[in-house]
*Asks:* 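Let me begin by handing over the structure; questions about it come next.
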Amino acid sequence: MTLLEVDRVVVRFGGVVAVNEATFEADRGQVTGLIGPNGAGKTTCFNVISGLQKPTKGKVRFKGRSITSLPVHRRARRGIGRTFQRLEAFGSLTVRDNVRVAHDIHAGLTGLVRPSSADVEALLDRVGIWDYATERADSIPTGAARLLELARCLACDPELLLLDEPSSGLDESESDAFGALLRELADEGRAILMVEHDMDLVMSVCDEIHVLDFGAVIATGSPAQIRADDGVQRAYLGYSDVDDPTTEIAPITGALTAPSTAAATEVQA
Ligand SMILES: Nc1ncnc2c1ncn2[C@@H]1O[C@H](COP(=O)(O)OP(=O)(O)O)[C@@H](O)[C@H]1O
Ligand SMILES: [Mg+2]
């Protein structure tokens, strides 16, 4: 059974269709990419999966059961964790205490009795932010703050991790280490669904990629299939006619900042 199934989800904000009949999956042991230009609906999909946004239509299933109308905290208890594109750490707490809070809440809910210190230190070390442990969360670099969000998410031992642009702010070697960590987390049997603009990272670490454009899934496949897909190139690069032999199409590569051509589709109300 597939761990996460997003089934024909639609999200409308007034006349704006942010997500348009999107269907995709993420499964245990895999890193799944959700990519697409700015405004394509990626964060809105994460909000629907984690329960912050009610879909206009469609269903979300987790472990085979519909979670479409469950509140956020019950989805979290079932094993869904997420990080935020706009960082959401507790700014006035230390890095260590941010992770400790998550750990202790999770421990309280699950009846775990052992003290948190060793687990928290291990998590800080695992994601590579132990050096920042005693600093206030609002004083650390953005890359480290993203890793803090990941550590906090892992403190709740999620089966599914939703990571929204986790590598922005990381330098190249940090990004490589981050890719290796994602692989490890997947190899532990977790499912990782990641929104990410760093195409080198996406192409090297993802098992499968779904591409969103104007809220709709326009392609699903392996990194090699996605790289070779004309529709994907068009969505990212904004060409109106990829079949035009005079149009040279650059391969998707590098830290691509997608053009904001895909403001969501306007429909007549
Ligand atoms: N709460 C909201 N109210 C109105 N429009 C929204 C809201 N959230 C997102 N949108 C719009 O929905 C579209 C998709 O946004 P988003 O999911 O953030 O895209 P992405 O994460 O792919 O960049 C955009 O056009 C955005 O302006
Ligand atoms: Mg987003």
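Counting starts at 1 for both ligands and their atoms, following the listed order. Position 1 is the first residue of the sequence, and the numbers go up from there.
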*Asks:* Are any of the side-chain nitrogens in Arg61 or Asp7 under 4.0 Å away from the carboxylate oxygens of its partner?
*Replies:* yes
*Asks:* Check whether any side-chain N or O of Glu196 sits under 3.5 Å from a backbone N or O of Ile35 as a donor-acceptor pair, and report yes or no.
*Replies:* no
*Asks:* Considering distance alone, does some N or O of Gly39 sit under 3.5 Å from an N or O of ligand 1?
*Replies:* yes
*Asks:* Check whether Glu5 reaches the backbone of Lys59 with its side chain - one donor and one acceptor, N or O, closer than 3.5 Å.
*Replies:*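 Flag not set: sc Glu5 to bb Lys59 has no pair under 3.5 Å.
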*Asks:* Have a look at Glu159 and tell me which of Arg78, Arg75, Arg190, Arg28 forms a salt bridge (charged side-chain N to carboxylate O under 4.0 Å, His left out) with it.
*Replies:* Arg28
*Asks:* Polar-atom distance check: Gln85 versus ligand 1, any N or O pair below 3.5 Å?
*Replies:* no
*Asks:* I'd like to check whether Val16 has a polar contact with ligand 1, where a contact means an N/O of the residue lying under 3.5 Å from an N/O of the ligand.
*Replies:* no
*Asks:* Which is it for Asp187 and Arg183 under the salt bridge (charged side-chain N to carboxylate O under 4.0 Å, His left out) test, yes or no, and what are the steps along the way?
*Replies:* CA-CA 6 Å; Asp187 291 346; Arg183 242 341 334 141; 3.7 Å; yes
*Asks:* Relative to the Mg ion (ligand 2), how many protein N, O or S atoms have a separation of less than 2.8 Å?
*Replies:*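 With waters ignored, the protein N/O/S count below 2.8 Å is 2.
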*Asks:* When only distance counts, is Phe13 in polar contact with ligand 1, meaning an N/O pair under 3.5 Å?
*Replies:*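 The answer is no, given that Phe13 and ligand 1 share no N or O pair closer than 3.5 Å.
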*Asks:* If every non-hydrogen atom of Ser167 is compared with every non-hydrogen atom of Leu201, which pair is closest and at what distance?
*Replies:* CB-CD2, 3.7 Å
*Asks:* Mind checking who shares a hydrophobic cluster with Leu52, ILVMFWY linked at side-chain heavy-atom distances under 4.5 Å?
*Replies:*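 Besides Leu52, the hydrophobic cluster comprises Val72, Phe84, listed by chain and residue number.
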*Asks:* Would Val19 and Val48 satisfy side chain to side chain contact (heavy atoms under 4.5 Å, CB included), going step by step from the backbone distance to the final call?
*Replies:* CA-CA 10 Å; Val19 181; Val48 168; 5.6 Å; no
*Asks:* If you count the atoms of ligand 1 from 1 in the order shown, which ones are under 4.0 Å from a heavy atom of Asn38?
*Replies:* 23 (O)
